[in-house]
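Worth saying up front: this structure is predicted, and the values here are computed from it rather than measured. Computed over heavy atoms, backbone and side chain alike; hydrogens, waters and symmetry mates excluded.
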Amino acid sequence: MLMIAIAILAIFSVSFSAEAAIKIPAVYVALGDSLAAGQTPDSKIDAGYADLIAQELSRNQPVAFYTKQLAFPGFTTGDVLERVKSEQAQQALASANIITLSAGANDLLRLVQSNPESGALAFQQIQVDFALNEARINMEAILAELEKRAPNADVYVMGYYFAYPHVRESQKEGTAKQLDRLNEILKRSAKKAGATFVSVDKGFGKNATDKVPNPGDVHPNFKGYQVMANAFFSHYQKGWKVEKLELPNPNPLTFDEVMNNQEQQQDTADGISARPSTHWTKDYLALREALLYV
């Protein structure tokens with residue numbers, strides 16, 4: 001299927017060259033952590049911002065191919081860098097003309113100790129400083145790799161929102177400042193590499209309990225992912241927007257269900273299919289089957 005996507009891309013790239021900002025047809029690859037994967041506030045996998053972007057793209061233009069199978073919950077920038085360099089990723093990246101990238105939050109937030117019952121946050125500044133510097137180094141390396149491995153792609157680096165809206169007001173400032181530092185690192189790295197930084201923090205603010213509803217979890221619901229998808233479209237094509245009525249019905253899967261789906265796909269694969277999901281190694285969690293739009 002991927003070869004079909006590449007052929008369609010070659011045909012349309014001439015016909016629509018006058019509209020440089022819009023990739024016709026879109027070959028969209030979502031990279032990164034649990035936000036790119038679509039993790040829910042109750043630790044399941046469902047439609048996330050990448051799925052909403054793919055859906056909205058398909059409503060407005062031809063979309064040849066979409067996958068978020070390079071995204072994995074818990075990935076740090078180091079993990080994303082390793083995945084981008086992997087042999088299994090090369091076909092999808094080489095054909096991509098749109099890439100969204102979420103990486104950096106796990107480098108930072110794994111160092112933040114959150115107590116939902118007391119509404120308290122704590123972290124060690126020295127550890128955070130080290131983690132943010134490591135995230136900067138890895139992000140620059142990721143973007144450099146994408147420049148080589150995805151030469152036809154416009155890369156959009158997704159920013160992060162304040163992930164602890166339920167904590168006490170007196171506890172928010174310190175952690176929010178560290179997230180601001182992370183966003184500034186991502187913004188500078190994107191600018192240096194010629195990529196686009198997509199800011200999402202203003203769409204959430206520091207009190208977005210309606211978008212991050214679980215006090216014990218940092219992941220957004222559909223409403224939060226809608227904000228992130230629309231932040232992307234503010235750069236890709238102003239006027240395109242994921243409306244509330246366009247949000248899909250919830251269809252969350254547990255990690256066990258996702259893994260079982262992957263095993264079934266592997267059992268039925270003919271070994272020739274061009275879908276990236278067919279060829280991942282066993283440690284890879286296939287979050288969604290790659291979709292071919294025709």
Test of understanding: with side chain to side chain donor-acceptor pair (under 3.5 Å), list the residues that count as partners of D42, not counting sequence neighbours.
T40

Count the heavy atoms belonging to other residues, nucleotides or ligands that lie under 6.0 Å from [atom1] of [X], then report whether that count exceeds 12.
| X | atom1 | value |
| --- | --- | --- |
| R168 | CZ | yes |
| E82 | CD | no |
| Q125 | CD | yes |

Closer than 3.5 angstrom, by distance alone: can the side chain of [X] be matched with the main-chain N or O of [Y] as a donor-acceptor pair?
| X | Y | answer |
| --- | --- | --- |
| D79 | T76 | yes |
| S95 | Q91 | yes |
| S34 | A37 | no |
| D107 | R136 | no |
| N97 | A26 | no |
| Q171 | A122 | no |
| E147 | L143 | no |

Contact summary for [X] and [Y], nearest pair of heavy atoms:
| X | Y | value |
| --- | --- | --- |
| K23 | N152 | NZ-O, 4.0 Å |
| V218 | A163 | CB-CB, 3.7 Å |
| Y161 | M228 | CE2-SD, 4.3 Å |
| I24 | P62 | CD1-CD, 3.9 Å |
| V84 | L31 | CG2-CD1, 4.1 Å |
| A103 | Y160 | N-OH, 2.9 Å |

Using distance alone, with no hydrogens and no angle criterion, decide if Q226 and E243 have a side-chain donor and acceptor under 3.5 Å apart.
no

Hydrogens and angles aside, do D201 and S199 bring a side-chain donor and acceptor to less than 3.5 Å of each other?
yes

Which pairs would a plain distance check flag for residues 202-211, meaning a side-chain donor or acceptor within less than 3.5 Å of a matching protein atom at least two apart in sequence or in another chain?
from	atom 1	to	atom 2	distance (Å)
N207	OD1	K172	NZ	2.5
D210	OD2	K223	NZ	2.7

Which of parallel (below 30°), tilted (30 to 60°) and perpendicular (above 60°) describes Y236 and F232?
parallel

Across all chains, not counting sequence neighbours, the ring pair (Phe, Tyr, Trp, His ring centres under 6.0 Å) partners of Y28 are Y66

Checking [X] now: which residues fulfil side chain to side chain contact (heavy atoms under 4.5 Å, CB included) with it, not counting sequence neighbours?
| X | result |
| --- | --- |
| A94 | none |
| Q127 | L111, Q124 |
| P116 | S114, P215 |

Can you list the steps and then say if Y156 with I99 is a side-chain contact (heavy atoms from CB on, under 4.5 Å)?
CA-CA 6 Å; Y156 296 83; I99 291 175; over 6 Å; no

Can you spot which of V63, V242, T100 makes a side chain to side chain contact (heavy atoms under 4.5 Å, CB included) with I53?
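By the side chain to side chain contact (heavy atoms under 4.5 Å, CB included) criterion, I53 pairs with just one of V63, V242, T100: T100.
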
Does the side-chain contact (heavy atoms from CB on, under 4.5 Å) test come out yes or no for F233 and K241, once each step is laid out?
CA-CA 7 Å; F233 282 112; K241 186 177 181 181; over 6 Å; no

Starting from the C-alpha separation in whole Å, work towards a yes-or-no answer on side-chain contact (heavy atoms from CB on, under 4.5 Å) for V212 and H219.
CA-CA 6 Å; V212 187; H219 295 90; over 6 Å; no

Decide whether W240 and F222 are clustered together by the hydrophobic rule: side chain heavy atoms of Ile, Leu, Val, Met, Phe, Trp, Tyr closer than 4.5 Å, transitively.
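Result: yes, single cluster for both.
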
Decide whether M139 and I137 are clustered together by the hydrophobic rule: side chain heavy atoms of Ile, Leu, Val, Met, Phe, Trp, Tyr closer than 4.5 Å, transitively.
no

Are [X] and [Y] within salt-bridge range, i.e. N to O under 4.0 Å?
| X | Y | result |
| --- | --- | --- |
| E140 | K192 | yes |
| K148 | E145 | yes |
| E173 | K177 | no |

Show the numbers, then the answer: is there a side-chain contact (heavy atoms from CB on, under 4.5 Å) between I98 and D154?
CA-CA 5 Å; I98 299 173; D154 288 346; 5.6 Å; no

Testing D46, D33, D51 for salt bridge (charged side-chain N to carboxylate O under 4.0 Å, His left out) with K68, which one passes?
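Answer after filtering D46, D33, D51: D51.
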
